[in-house]
Amino acid sequence: MMAEVLQLRRRLLSVSRQHAVAIRSSLQSTLNRHCSSTSSTEQENQCAKERSRWLELPPFAPQVDTAVIARKISGQCIAGKSEEEDSPTTTAVKWVRRCCPDLPLSLVQKLFRLRQVKKALTDSNANSEQQSRLKRVSAKDALSPGDVLCLPVNVQHSLPIVKKPRVCKDTDEMSFVRSLELYKDDAIIVMNKPPGLPVQGGVGIEHSMDSLASKYLKYDYPDGPRLVHRLDRDSSGVLVLGRDQASATLLHSIFREKTSNALSDDTFRVLQRKYIALVIGVPRRTKGLITVPLAKVVLDDGKSERMTVSDDPSAQHAVTEYNVIESFSNGLTWLELSPLTGRKHQLRVHCAEVLRTPIVGDAKYGWRAHKRWKPVPLPSYLDFRTNHNQQLPFGLNSEDGTISDRRPFLHLHCKQMILPDISSALKMFGSSDFDQYISSLKKLSTVAPLPSHMQMSWDILKSLS
């Protein structure tokens, strides 16, 4: 009997011991989970506190190599070079300067010297602790797409205070400038520049196309559109503006490729421009190709300069196609001009010095012909000025300057421009089928109506024929 009681007691003690171990194990597991949860919460708080001390820059994105796109659009390829070799490397200091252009260069260099520029780890497989770690980078470290650089948050105090742009209340001016738009997409704005309005500002110039575009044509973009080519002050017609840095740089490249390839045998032309000009005289041939180099010369007073035909080795090749539209008995001729290069005053010099038919209103290159200028009589049944009572802004004149005036305005107008659809090209850049897409890239054609003085002159001559 005593033996059975002892055996039963041992069994109870064994069960109690196992139960206690189970309870102890459960308590330890619960405690570990609680500690782990507490530790995780503390880590998250610490990470959040750490991140609040740093200013994250936008993830690095390689800049679009517009020269590569321009060459591909032009149908060229660079032997021995791949796109990777052709694209420049972006260092950490370049990216900081690009993202924070208002930070003084001395401060940026100081941040790198003090090791206060970090790179956030972006490994998607890393745990939260590793993701919150910041790695020091030096100024010359190359960046990979997606890299995020961090600066001390107190650098924001070193940035200048940006004043809010003044809201323009001159609705008449804005309406007039926007009425000049011929075409607009994500990359470009095409304008019909009026005669007498300079393209670019300078000393003594109150209004210009670039300043007006920056003031009235921003829309929802942070900056105004940029000039990519020029038109003479007194000429008119199609003017293309790039809406951001990438599109402007690409257009610059396309205009350069157009000029450099003008003498090649390739019939493919990535950019085409057609001008309408009224000239004094009749060319000997009804159409032709002018390939005469031009050079800049300084006049005797030393205060002015002009372009002229030159055989000097430093002279620039200039190529122009011309075609006679119609000639009249009074010695005036309408010409269609297509410049294959983009030299200063190219069309005006080629007409005056090569064809010997200066453009009407061009007193600079056709001053001899204008000394003998006789206004064309205005037919009695034509009265243009009654339809132009409105006052144009910026001192523009829409009533005078026809061939019936003693001093006609310059009769040179960029009527049409055909260029690639660079908006689509920029969107497709970097895709696997980019080369195939570029080969079939569509063209944009914009046409600008004649300015009032040229349209009047056209109607006057038509009435005499």
Side-chain angles (χ1 to χ4, degrees), residues 64 66 69-70 73-74 171 173-200 207-233 235-258 268-276 336-339 342 392-394 396 398 412-429 437-438 440-452 454-455:
V64 176
T66 54
I69 302 180
I73 291 176
S74 303
T171 56
E173 286 188 3
M174 182 172 65
S175 298
F176 174 78
V177 172
R178 293 188 176 183
S179 71
L180 302 176
E181 290 182 4
L182 299 173
Y183 174 81
K184 179 177 66 175
D185 62 21
D186 293 339
I188 66 172
I189 295 179
V190 183
M191 308 288 291
N192 183 12
K193 188 192 93 65
L197 187 62
V199 168
Q200 193 168 25
H207 303 291
S208 60
M209 288 297 295
D210 62 341
S211 63
L212 294 176
S214 178
K215 188 176 182 180
Y216 297 115
L217 301 180
K218 280 186 178 181
Y219 295 101
D220 55 348
Y221 281 56
D223 300 312
R226 300 162 171 83
L227 292 173
V228 296
H229 67 108
R230 301 288 188 270
L231 288 177
D232 294 340
R233 176 175 185 157
S235 64
S236 58
V238 179
L239 180 70
V240 181
L241 306 170
R243 300 195 70 179
D244 53 29
Q245 186 62 48
S247 59
T249 307
L250 176 54
L251 286 168
H252 274 301
S253 301
I254 290 175
F255 274 85
R256 283 196 301 268
E257 293 293 338
K258 166 195 176 269
F268 174 75
R269 294 177 184 172
V270 64
L271 181 69
Q272 300 176 48
R273 286 183 289 181
K274 294 182 180 180
Y275 285 73
I276 299 294
E336 181 183 83
L337 305 169
S338 299
L392 296 181
F394 318 123
L396 299 177
S398 64
L412 179 62
H413 175 73
C414 183
K415 180 182 179 181
Q416 183 182 25
M417 184 177 296
I418 302 175
L419 70 161
D421 181 8
I422 67 166
S423 175
S424 299
L426 289 170
K427 291 176 182 176
M428 291 296 296
F429 183 70
Y437 181 82
I438 286 296
S440 59
L441 186 65
K442 71 174 183 178
K443 296 293 187 67
L444 300 176
S445 176
T446 54
V447 177
L450 290 173
S452 58
M454 289 186 67
Q455 185 62 54

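Note that the structure is predicted; figures quoted are calculated from it, not measured.
Under the 4.5 Å side-chain criterion, counting only non-hydrogen atoms from C-beta, Leu444 is in contact with Ile188. Counting only heavy atoms from C-beta outward, the side chains of Pro420 and Val270 approach each other to under 4.5 Å. Taking 4.5 Å as the limit, some side-chain heavy atom of Leu217 sits within range of a side-chain heavy atom of Glu181. Looking at Leu241 and Leu227, their side chains come closer than 4.5 Å, going by heavy atoms from C-beta outward. You'll find the side chain of Gln416 stays beyond 4.5 Å of the side chain of Val238, heavy atoms only. Annotation: side chain of Ile254 is in contact with side chain of Ile422 (closest heavy-atom distance under 4.5 Å). A heavy-atom distance below 4.5 Å is not found between the side chains of Leu212 and Phe176.
Atom CG of Leu239 is separated from atom CG of Leu197 by 9.5 Å, given to the nearest 0.5 angstrom. To the nearest 0.5 Å, atom OH of residue Tyr275 and atom OG of residue Ser236 are 9.5 Å apart. Between atom NZ of residue Lys415 and atom CD1 of residue Ile276 there is a gap of 5.0 Å, rounded to the nearest 0.5 Å. Remark: Leu182 CG to Met417 CE distance equals 10.5 Å, nearest 0.5 Å. Here the CG-CZ distance, from Leu271 to Phe255, works out to 5.0 Å after rounding to the nearest 0.5 Å. Between atom CG of residue Leu180 and atom CD1 of residue Ile189 there is a gap of 11.5 Å, rounded to the nearest 0.5 Å.
Lys193 places a side-chain N or O within 3.5 Å of a backbone atom of Arg233 that can act as its donor or acceptor partner. Under a 3.5 Å cut-off, the side chain of Ser247 and the backbone N or O of Ala187 do form a donor-acceptor pair. Between the side chain of Arg243 and the backbone N or O of Asp185, at least one donor-acceptor pair lies under 3.5 Å. At least one donor-acceptor pair closer than 3.5 Å links the side chain of Ser452 to the backbone N or O of Ser398. Of the possible polar contacts, one joining the Arg178 side chain to the Tyr216 backbone as a donor-acceptor pair under 3.5 Å is found. Panel note: side chain Lys274, backbone Glu336; no donor-acceptor pair is recorded below 3.5 Å. A distance-only check finds no donor-acceptor pair linking the side chain of His229 to the backbone of Leu251 [under 3.5 Å].
By the salt bridge (Lys or Arg N to Asp or Glu O under 4.0 Å) test, Asp186 is found to be paired with Lys427, residues two or more places apart in sequence or in another chain being considered. By the side-chain hydrogen bond (donor to acceptor under 3.5 Å, both in side chains) test, Ser208 is found to be paired with Asp210, Ser211, residues two or more places apart in sequence or in another chain being considered. Applying the side-chain hydrogen bond (donor to acceptor under 3.5 Å, both in side chains) test to Arg230 and every residue at least two apart in sequence or in another chain returns Gln200.
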(request) Please report the C-alpha distance between Thr249 and Arg226 in whole Å, then the side-chain angles of each, then the deciding distance to 0.1 Å, and finally whether the side-chain contact (heavy atoms from CB on, under 4.5 Å) criterion is met. (result) CA-CA 9 Å; Thr249 307; Arg226 300 162 171 83; over 6 Å; no
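Closest non-hydrogen pair, Ala248 versus Val228, comes out as O-CG1, 3.6 Å. Across all their heavy atoms, Gly237 and His413 have their closest contact at CA-CE1, 3.4 Å.
Side-chain atoms of Gln272 and Ser338 form no donor-acceptor pair, as typed in the model, at a separation below 3.5 Å.
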